[in-house]
S.K.: 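Sharing a structure, written as structure tokens. Questions coming.
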Amino acid sequence: MAENQSNHVEMEKIVSLSRRRGFVFQSSEIYGPPGGCWDYGPLGVLLKNNVKQAWWQSMVQERDDVVGVDASILMNPKVWEASGHVTGFSDPMQDCMVCKMRWRPGDFEGTVCPACGGKLTEPRQFNLMFKTFMGPLEDTASVVYLRPETAQGIFTNFDNVLNTQRKKLPFGIGQIGKSFRNEITTGNFIFRSREFEQMELEYFVKPGTDEDWHAHWLKTRLEWYVSLGMKKEHLQMRDHCKEELAHYAKACADIQYLFPMGWSELEGIANRQDFDLKQHSKFSGKNLEYFDEETKERFTPYVIEPSAGVDRSVLAFMLDAYTEEPDKDEIRTVLKLHPRLAPYKAAILPLSKKEPLTTLAKEIYASLRKAWMVTYDEAQSIGRRYRRQDEIGTPYCITVDFDSLNDKMVTVRDRDTMTQDRIPIDEIKAYLFPRLKREGM
Ligand code: GAP
């Protein structure tokens with residue numbers, strides 16, 4: 001509907017669809033959820049895994065110059081001293097002296113507590129890292145942090161990867177994993193949470209080539225979203241001005257998406273220079289320089305870092321795909337996800353619950369599920385079942401009817417066009433394969 005053309009779909013529509021159909025639930029809901037934590041349900045975990053797989057395929061699998069790691073979340077606390085997070089990873093915060101609520105200046109208007117009107121303390125810095133204790137002793141010597149970014153697990157493995165994979169510059173190390181930030185304010189559904197996932201690449205280059213590589217990654221990353229069906233007009237680049245730059249960055253640009261609350265960061269692409277490797281060399285005593293065999297030079301590589309949020313990507317893909325369109329006298333809700341991202345690639349629907357129709361439908365289901373994540377549904381009218389699949393983004397519905405028993409054919413309905421093709425059962429895989437591998441896969 002009109003809503004979708006101007007972007008945008010209200011956040012509430014996605015929150016409600018997520019809840020209703022099992023994409024995202026509130027964490028520990030039966031007890032009352034803690035703020036800023038979310039659980040992915042049966043459909044959400046499929047969508048999220050597909051987003052991560054698409055990233056991994058384009059950033060690691062299809063590149064000669066990138067390898068992956070999966071580093072631990074808990075690291076030696078010195079890592080965070082070296083990286084600057086212990087001293088610098090903080091946001092300003094004000095406490096309400098009456099109701100004790102905490103606020104981030106800039107998130108509210110006025111000078112008193114937005115909740116109760118109480119007096120606020122002066123702003124003070126609040127470190128966003130979660131602290132815990134490692135081992136049986138809860139003392140200062142055993143403090144460790146939940147990582148606030150996956151990047152440091154890559155930097156600390158730079159030498160291991162260099163030596164075991166015999167990589168030459170430029171090369172990158174990619175990683176997908178959980179990060180934790182004790183955000184002062186969370187909100188906008190899964191946009192800003194306290195536990196989230198990142199997809200990060202640290203791409204090591206020779207100093208002097210860094211600006212070209214930065215431009216390369218800005219372009220490549222923007223294209224990735226578009227290749228997975230995100231509308232170009234809902235994406236834009238925003239350069240950080242000097243005052244905004246993180247302590248390690250020479251330059252940074254955000255890929256922004258037009259979320260319902262306005263243009264907001266989907267991914268940051270920073271030129272971190274040689275800051276991290278130099279800091280880790282200094283704090284660990286380990287030389288993390290690179291030796292260039294050709295020029296016989298020894299130097300610390302620069303790093304370009306495309307850093308994307310899994311959860312923000314999931315949210316943006318859902319918002320972008322959400323469509324309401326007139327269908328006869330009703331409104332049809334369709335999640336027009338790229339087939340690559342769709343939780344189920346196809347739904348197998350026997351026209352009736354009667355035998356031997358269901359046996360045939362289940363045989364087709366058993367055969368297709370070896371190739372793709374597909375679903376089977378025999379409850380309610382066929383029209384309602386189509387609607388249900390449209391709403392969760394299933395690109396194809398395969399209907400098995402009474403004629404199928406004789407002519408060994410099924411009807412395949414396309415989610416977006418609602419056109420139907422009658423095809424032989426033994427050609428279903430050949431029919432779906434090119435369609436599920438649409439451009440950008
Ligand atoms: N290593 C660089 C880094 O972590 P960042 O801009 O702080 O940079 C990168 O984070 C991406 O991680 C963001 O663009 C966003 O997609 C995601 N992200 C950051 N904080 C988040 C939060 N509290 N909730 C959800 N996603 C978050």
Side-chain angles (χ1 to χ4, degrees), residues 24 27 34-38 40 48 51-52 55 59 69 71 73 75 79-80 82-85 88-91 104 107 126-130 145-156 172-203 214 217-218 221-222 224-225 230 235-240 244-257 259 261 263-273 275-277 279-280 303-317 319:
V24 181
S27 163
C37 301
W38 299 92
Y40 285 79
K48 192 183 189 195
V51 168
K52 291 192 279 184
W55 185 92
M59 301 295 273
V69 294
I73 288 168
M75 304 177 76
V79 167
W80 307 110
S83 68
H85 283 82
F89 193 59
S90 51
D91 269 352
R104 196 167 63 167
D107 282 356
F126 174 74
N127 194 294
L128 300 181
M129 283 198 294
F130 279 100
Y145 301 96
L146 301 190
R147 69 180 178 199
E149 62 171 10
T150 70
Q152 299 304 325
I154 295 180
F155 295 126
T156 51
I173 306 176
Q175 171 163 231
I176 300 176
K178 289 260 177 166
S179 292
F180 303 82
R181 295 182 191 178
N182 196 4
E183 300 281 2
I184 298 164
T185 46
T186 57
N188 288 316
F189 194 31
I190 51 175
F191 179 85
R192 177 173 290 116
S193 41
R194 296 199 165 101
E195 175 177 343
F196 55 97
E197 269 187 282
Q198 291 183 308
M199 307 180 280
E200 298 203 294
L201 173 72
E202 304 304 325
Y203 195 76
H214 196 198
W217 282 111
L218 290 175
R221 290 303 304 147
L222 192 67
W224 182 79
Y225 293 100
M230 209 174 272
L235 288 162
Q236 71 175 21
M237 285 285 183
R238 191 185 71 84
D239 282 322
H240 284 212
E244 278 179 277
L245 287 176
H247 56 282
Y248 48 74
K250 166 178 165 184
C252 185
D254 290 342
I255 295 179
Q256 292 188 319
Y257 179 75
F259 285 96
M261 63 282 189
W263 290 103
S264 311
E265 178 183 341
L266 190 54
E267 167 164 354
I269 301 164
N271 180 344
R272 291 179 83 126
Q273 310 174 89
F275 174 84
D276 302 271
L277 288 180
Q279 284 293 101
H280 288 305
V303 169
I304 307 300
E305 178 195 64
S307 172
V310 177
D311 313 79
R312 280 189 199 179
S313 298
V314 167
L315 179 59
F317 281 121
L319 283 160

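Only heavy atoms go into these numbers, but all of them, side chains included; no hydrogens, no water, no symmetry mates. The shown structure was predicted, so the numbers you read here are calculated from the model rather than taken from an experiment. As the structure lists them, so they are numbered: ligands from 1, and atoms in each ligand from 1.
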S.K.: Examine Arg181 against ligand 1 and note whether any of their N/O atoms are separated by less than 3.5 Å.
M.R.: yes
S.K.: What distance do Asp276 atom CG and Thr156 atom OG1 have between them, rounded to the nearest 0.5 Å?
M.R.: 10.5 Å
S.K.: Side chains of Gln279 and Tyr248 only: does a donor on one sit below 3.5 Å from an acceptor on the other?
M.R.: no
S.K.: Rounded to the nearest 0.5 Å, what's the gap from CZ on Arg194 to CD1 on Ile184? Could you check?
M.R.: 9.0 Å
S.K.: What protein heavy atom is closest to atom 25 (C) of ligand 1, reported as residue, atom name and distance in Å?
M.R.: Phe191 O, 3.1 Å
S.K.: Under 3.5 Å, side chain of Asp311 to main-chain N/O of Glu197, donor-acceptor pair present?
M.R.: yes
S.K.: Among all protein heavy atoms, pick out the one at the shortest distance from atom 15 (C) of ligand 1; state its residue, atom name and that distance to 0.1 Å.
M.R.: Arg312 NH1, 3.5 Å
S.K.: Within ligand 1, which atoms have a heavy atom of Gly309 less than 4.0 Å away?
M.R.: 16 (O), 17 (C)
S.K.: Counting only heavy atoms, which portion of Leu266 has something under 4.0 Å from ligand 1: side chain, backbone, both, or neither?
M.R.: backbone
S.K.: How about Phe191 and Phe189: are their ring centroids closer than 6.0 Å?
M.R.: no
S.K.: Of the protein's non-hydrogen atoms, which lies at the shortest distance from atom 10 (O) of ligand 1, and what is that distance?
M.R.: Gln198 NE2, 3.4 Å
S.K.: Please check whether Ala308 reaches ligand 1 - meaning an N/O of the residue sits under 3.5 Å from an N/O of the ligand, judged on distance alone.
M.R.: no
S.K.: With heavy-atom distances below 4.0 Å as the criterion, list the atoms of ligand 1 near Glu149.
M.R.: 1 (N), 2 (C), 3 (C), 4 (O)
S.K.: Spell out, as yes or no, whether a donor-acceptor pair under 3.5 Å connects the side chain of Arg192 to the backbone of Thr186.
M.R.: no
S.K.: Looking at Trp80, Tyr145, Phe130, Phe180, which hits ring pair (Phe, Tyr, Trp, His ring centres under 6.0 Å) with His85?
M.R.: Trp80
S.K.: Any idea which protein heavy atom is nearest atom 18 (N) of ligand 1, and the distance to it?
M.R.: Phe196 CE1, 3.5 Å
S.K.: Looking only at distances, can you tell me whether any N or O atom of Glu200, backbone or side chain, sits closer than 3.5 Å to an N or O atom of ligand 1?
M.R.: yes
S.K.: I need the minimum non-hydrogen distance between Ala151 and Arg272, along with the two atoms involved.
M.R.: CB-NH1, 4.0 Å
S.K.: Quick one: does ligand 1 sit under 4.0 Å from the side chain of Arg272, the backbone, both or neither, non-hydrogen atoms only?
M.R.: side chain
S.K.: Where is the nearest protein heavy atom to atom 24 (N) of ligand 1: which residue, which atom, and how far?
M.R.: Ser193 N, 3.0 Å
S.K.: What atoms of ligand 1 come within less than 4.0 Å of a heavy atom belonging to Gly268?
M.R.: 14 (O)
S.K.: Where the closest heavy atom to atom 6 (O) of ligand 1 is concerned, which of Glu265, Glu305, Glu267, Gln152 has it?
M.R.: Glu265
S.K.: Could you tell me whether Arg147 and Glu200 have a side-chain N and a carboxylate O separated by less than 4.0 Å?
M.R.: no
S.K.: To which protein heavy atom is atom 11 (C) of ligand 1 closest, and what is the distance rounded to 0.1 Å?
M.R.: Ser307 O, 3.6 Å
S.K.: Quick check against the 3.5 Å criterion: does Gln198 have a side-chain atom that pairs as donor or acceptor with the backbone of Thr150?
M.R.: yes
